[in-house]
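One structure is given below, encoded as structure tokens.
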Amino acid sequence: MAAVDGGEVDHLAGERATAHFDVDAMKVAWAGSRHAVEVNDRMARLVASDPVFRKDTRTMLSRKELFKDTLKKAAHAWKRIVELRLTEEEANLLRLYVDQPGYVDLHWGMFVPAIKGQGTEEQQKKWVPMAYKFQIIGCYAQTELGHGSNVQGLETTATFDPNTDEFVVHSPTLTSSKWWPGGLGKASTHAVVYARLITQGKDYGIHGFIVQLRSLDDHSPLPGITLGDIGGKFGSGAYNSMDNGVLRFDHVRIPRDQMLMRLSQVTREGKYVHSDVPKQLLYGTMVYVRQTIVADASKALSRAVCIAVRYSAIRKQFGSQAGGPETQVLNYKTQQSRLFPLLASAYAYRFVGEWLKWLYTDVMQKLEAKDYSTLPEAHACTAGLKSVTTSATADAIEECRKLCGGHGYLNSSGLPELFAVYVPACTYEGDNVVLLLQVARFLMKTVSQLASGKQPVGTTAYMGNIQYLMQCKSAVNTAGDWLNPAAIKEVFEARALRMAVNCAQNISKAPSQEEGFSELSPDLLESAVAHVQLIIVTKFFEKLQQDIIGHGVKEQLQNLCNIYALFLLHKHLGDFLSTGCITPKQGALANEQLGRLYAQVRPNAVALVDAFDYTDHYLSSVLGRYDGDVYPALYAEAWKDPLNETVIPDGYQEHLRPLLKQQLKFSRL
Ligand SMILES: CC/C=C\C/C=C\C/C=C\C/C=C\C/C=C\C/C=C\CCCCC(=O)SCCNC(=O)CCNC(=O)[C@H](O)C(C)(C)COP(=O)(O)OP(=O)(O)OC[C@H]1O[C@@H](n2cnc3c(N)ncnc32)[C@H](O)[C@@H]1OP(=O)(O)O
Ligand SMILES: Cc1cc2nc3c(=O)[nH]c(=O)nc-3n(C[C@H](O)[C@H](O)[C@H](O)COP(=O)(O)OP(=O)(O)OC[C@H]3O[C@@H](n4cnc5c(N)ncnc54)[C@H](O)[C@@H]3O)c2cc1C
């Protein structure tokens, strides 16, 4: 089904006619199943056809108007969810297509998962139904003004008082003010607050507590609680719809049973008891969200790429001979070499996100069975993939803006807002550098265990092949040899392992492990990136082994997979050469093959972005319209700007007229 929201003429019809594959089948490959295509399509259209969910004037609203609009949309979304008795899957998609960050993201995305993951059965029975019915609104209050990345450094205290069977929650310093939690500033009634647990005079470190913040009668802050929004953020519209907040506690008392007690407990007498589970399970909500952020990266990236590909097919510049038509900018090789790797990355992230969701579910099942062995790998994979995919996506959205020339800079292109709303993903849920250093730590541990003969498993299993990978040389002889998945995998594995081993060797020369790790941290980051890129490439190849149906679909995905891998090889050529995995000649052959692959993608480019199945409402871009009727839309959009409400601007009488009519003259003139 086409995703036109009402266009009459299809200016991209010629582009669509050149596709060599079945677009509907590609939609299934992208979405994961025919059911997923159907439900996505239905929810996207439901949102697009509802006037309350309009967002075309969002960037022109003041902060207060925007926030109120967000409250209205969230309430209306909930009303529709209840009226239509939507399933959880449908409701999540409806919220996604409403496409306006707001308190509900944190309520469903972190508050509920934190209680489910860290609360006892009894606590879940009490709190989850209230949250599910929106009788309470919750947020995730971890970060403080002075401490974000370093969770162990948080300062808020929760001191047990055995006399009253309560915890006293307190912010002892300015820097201990909770700062950033989304939904906290204005909307939430409750929060899961992370604080240092102190009982019987001893500090037991960070634990989670459910704290009521606002009255359920009139929404005013409860005694001892100071609350507010932390202020305007980057860009117009964008993440300013979210009330990221500040919170201070002045000796606020909560019942003992509001400590989340699944992992550890405080008894009535104040005795601290830690269950026989890894302490890191406290970080479980972050692992869960990092996994969803990887899936979201492919959404944001595919949106930007869809806009840039469609517009590049419409936009013409130069090349006209004797008055003939100009050239579509999509035909320029430079445009292709900038854009097609991003198209390939969108597909790569979609499939690795699918795999990560599987890994997460698998780890959760193992945890239920008290098998904690895969926890470190789950942490490394979620941290690493969150980091690599969000950094690349943020850069890619900005690249798409440039690929759309001047018009990409207009809010009506949709790209400035998409960039502004997306770029904090590099910071929230763990700064990307901090998370990559966690991956590096995991890699160094794995390398150090190789000597003792311990066989690495999962995504580090390749390291077990150390004898071969440390000395192998790529056998690629022609550009076409780079189409062999084994040839690509071998050099990616060798590069990742050699970089990790180099780091480990250099660390071992330092006076201490800690000093070595710190000194080598820039190299460790690159080593972590190499490992994560290997995972993404491998999972794309594994996807191609699955049953992929539809005329030409597998061939297109194969091309995209090769583009993704060879583009990375070209971009990180220094790594591959300096570790001796390939020769300069082989690097040049990879680039030659890349050019051939771009030529194969060119006739399919528009159809490949159509397969994302985005409505014009979701894209909210005049440049990315399904019908390609860009110029009338751009022209019409300009007149909607508040500045054009009057012909003579406000301020003319006070500031322009006196200037133009001034009597004062420079004496020199
Ligand atoms: C136009 C458009 C308009 C609208 C468009 C709308 C949408 C656009 C599209 C997309 C939007 C994108 C996404 C939206 C989706 C969701 C996002 C919504 C909102 C954002 C929410 C953000 C919420 C937050 O940010 S919450 C706060 C997050 N904070 C952090 O992440 C802090 C990071 N720090 C840490 O995690 C830890 O401090 C640390 C890991 C860095 C260090 O831990 P620690 O201090 O304990 O020290 P170590 O010694 O390093 O570790 C000890 C051992 O523990 C192991 N470890 C650490 N962490 C874990 C873990 N999580 N699990 C398991 N194990 C762990 C570590 O490896 C060590 O092990 P070892 O064996 O001892 O080595
Ligand atoms: C839009 C947005 C929404 C958010 N929502 C929430 C929320 O709902 N709940 C919540 O609790 N928090 C939230 N946060 C906070 C967020 O999780 C933190 O900002 C994030 O974890 C980064 O921590 P930080 O701000 O302390 O950065 P810092 O750690 O201060 O980072 C500053 C710089 O120092 C570097 N750095 C830090 N440590 C190291 C190190 N060990 N080695 C090398 N370099 C280092 C970083 O790479 C970075 O360049 C949100 C943040 C944003 C931007």
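Order of listing sets the numbers, starting from 1, for every ligand and every atom in it. Throughout, numbering of the chain's residues begins at 1 and tracks the sequence.
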message: If the test is side-chain contact (heavy atoms from CB on, under 4.5 Å), which one of Leu227, Thr156, Leu145, Leu174 qualifies with Arg248?
response: Leu174
message: If you apply the rule salt bridge (Lys or Arg N to Asp or Glu O under 4.0 Å), what do you find for Glu65 with Lys68, and how did you get there?
response: CA-CA 5 Å; Glu65 290 167 335; Lys68 196 167 172 190; over 6 Å; no
Asp296 and Tyr422 side chains, donor-acceptor separation under 3.5 Å: no
field: Min side-chain heavy-atom separation Ile137-Ser188 under 4.5 Å
entry: yes
Contact check, Lys55 vs ligand 1, heavy-atom distance below 4.0 Å: no
message: If you measure every N or O of Tyr428 against every N or O of ligand 2, does any of those distances drop under 3.5 Å?
response: no
query: So, Asp431 versus Ser149: side-chain donor-acceptor pair below 3.5 Å or not?
result: no
- prompt: Would one find an N or O of Asn150, backbone or side chain, under 3.5 Å from an N or O of ligand 1?
  reply: no
- prompt: How does Leu106 reach ligand 2, by side chain, by backbone, by both or by neither, if only non-hydrogen atoms under 4.0 Å count?
  reply: side chain
message: Taking 4.0 angstrom as the limit and counting only heavy atoms of Asn244, give me the atoms of ligand 2 inside it, by number and element.
response: 3 (C), 4 (C), 5 (N)
message: Applying a heavy-atom cut-off of 4.0 Å, say which part of Leu184 lies close to ligand 2: side chain, backbone, both or neither.
response: neither
- prompt: Which one holds for Ser149 and ligand 2: side chain close, backbone close, both close, or neither close, with close meaning a heavy atom under 4.0 Å?
  reply: both
message: Check this for me: does any side-chain nitrogen of one of Arg196 and Asp203 sit under 4.0 Å from a carboxylate oxygen of the other?
response: yes
field: atom 25 (O) of ligand 2 protein-contacted (non-hydrogen atom, under 4.0 angstrom)
entry: no
- prompt: What part of Val151, side chain, backbone, both or neither, has a heavy atom within less than 4.0 angstrom of ligand 1?
  reply: both
statement: Ranking Arg441, Gln152, Lys445 by closest non-hydrogen atom to atom 49 (O) of ligand 1, top hit is Arg441
- line: Ranking Glu429, Met444, Arg95, Gln100 by closest non-hydrogen atom to atom 28 (C) of ligand 1, top hit is Glu429
task: For a ring pair (Phe, Tyr, Trp, His ring centres under 6.0 Å) with Phe209, tell me which candidate from Tyr194, Phe167, Phe249 qualifies.
output: Phe167
Salt-bridge contact Arg58-Glu417 (side-chain N to carboxylate O under 4.0 Å): yes
- request: Kindly indicate whether atom 33 (C) of ligand 2 is approached by any protein heavy atom to under 4.0 angstrom.
  value: no
- prompt: So which of Val289, Thr59, Leu282, Leu106 gets nearest to atom 21 (C) of ligand 1, if we judge by its closest heavy atom?
  reply: Leu106
- prompt: Of the backbone atoms (N, CA, C, O) and the side-chain heavy atoms from C-beta on, which set of Glu429 has a member under 4.0 Å from an atom of ligand 2: side chain, backbone, both, or neither?
  reply: backbone
Gap separating the OG1 atom of Thr57 from the CG atom of Asn411, nearest 0.5 angstrom: 11.5 Å
task: State the atoms of ligand 2, each with its element, that fall below the 4.0 Å cut-off from a heavy-atom position in Asp431.
output: 46 (C), 47 (O), 48 (C)
field: Under-4.0 Å protein heavy-atom contact, atom 41 (N) of ligand 2
entry: no
message: With a heavy-atom distance limit of 4.0 Å, tell me whether Tyr140 approaches ligand 1 through its side chain, its backbone, both, or neither.
response: side chain
query: Using a heavy-atom cut-off of under 4.0 Å, does the side chain or the backbone of Ser149 touch ligand 1, or both, or neither?
result: backbone
query: Looking only at heavy atoms, is any part of Val433 under 4.0 Å from ligand 2, and if so is it the side chain, the backbone, or both, or is it neither?
result: side chain
message: Tell me whether Gly148 reaches ligand 1 (any heavy atom closer than 4.0 angstrom to a ligand atom).
response: yes
query: Ring centres of Phe134 and His107 under 6.0 Å apart?
result: yes
query: Taking heavy atoms and a distance under 4.0 Å, where does Thr292 meet ligand 1: side chain, backbone, both or neither?
result: neither
message: Are Tyr614 and Tyr626, when compared by the centres of their aromatic rings, separated by less than 6.0 Å?
response: no
field: Residue pair Leu367 / Val277, side-chain heavy-atom distance below 4.5 Å
entry: no
- request: Could you say whether the N/O atoms of Val287 and ligand 1 ever approach to under 3.5 Å?
  value: no
- prompt: Is it the case that Gln100 and Ser241 place a side-chain donor and acceptor less than 3.5 Å from each other?
  reply: no
- request: Taking all heavy atoms of Glu429 and all of Met110, pick out the closest pair and write down the distance.
  value: OE1-CE, 3.3 Å
- prompt: Given Thr460 and Glu377, is the side-chain hydrogen bond (donor to acceptor under 3.5 Å, both in side chains) satisfied, shown in steps?
  reply: CA-CA 9 Å; Thr460 51; Glu377 201 201 1; 5.5 Å; no
query: What about His379: any of its N or O atoms under 3.5 Å from an N or O on ligand 1?
result: yes
query: What are the two closest non-hydrogen atoms of Met259 and His207, and how far apart are they?
result: CE-CD2, 3.9 Å
- prompt: Does the gap between the ring centers of Tyr103 and Trp108 come in under 6.0 Å?
  reply: no
message: Could you work out, for atom 11 (C) of ligand 1, the closest of Trp108, Tyr428, Tyr239, Tyr288 by heavy-atom distance?
response: Tyr428
field: Enumerated ligand 2 atoms positioned under 4.0 Å from heavy atoms of Tyr140
entry: 7 (C), 8 (O), 9 (N), 10 (C), 11 (O)
- request: Determine if the distance from atom 30 (O) of ligand 2 to the closest protein heavy atom is below 4.0 Å.
  value: no
field: Location of contacts on Pro101 toward ligand 1, heavy atoms closer than 4.0 Å
entry: side chain
statement: CD1 (Ile307) and OG (Ser302) are apart, to the nearest 0.5 Å, by 10.0 Å
query: Are any of the N/O atoms in Thr143 less than 3.5 Å from those in ligand 2?
result: yes
- prompt: Should the proximity of Leu437 to ligand 2, defined as any heavy atom under 4.0 Å, be assigned to the side chain, the backbone, both, or neither?
  reply: side chain
query: Do protein heavy atoms approach atom 47 (O) of ligand 1 to less than 4.0 Å?
result: no
task: Going by heavy-atom distance to atom 31 (O) of ligand 1, choose the closest among Gln142, Lys279, Arg290, Lys386.
output: Arg290
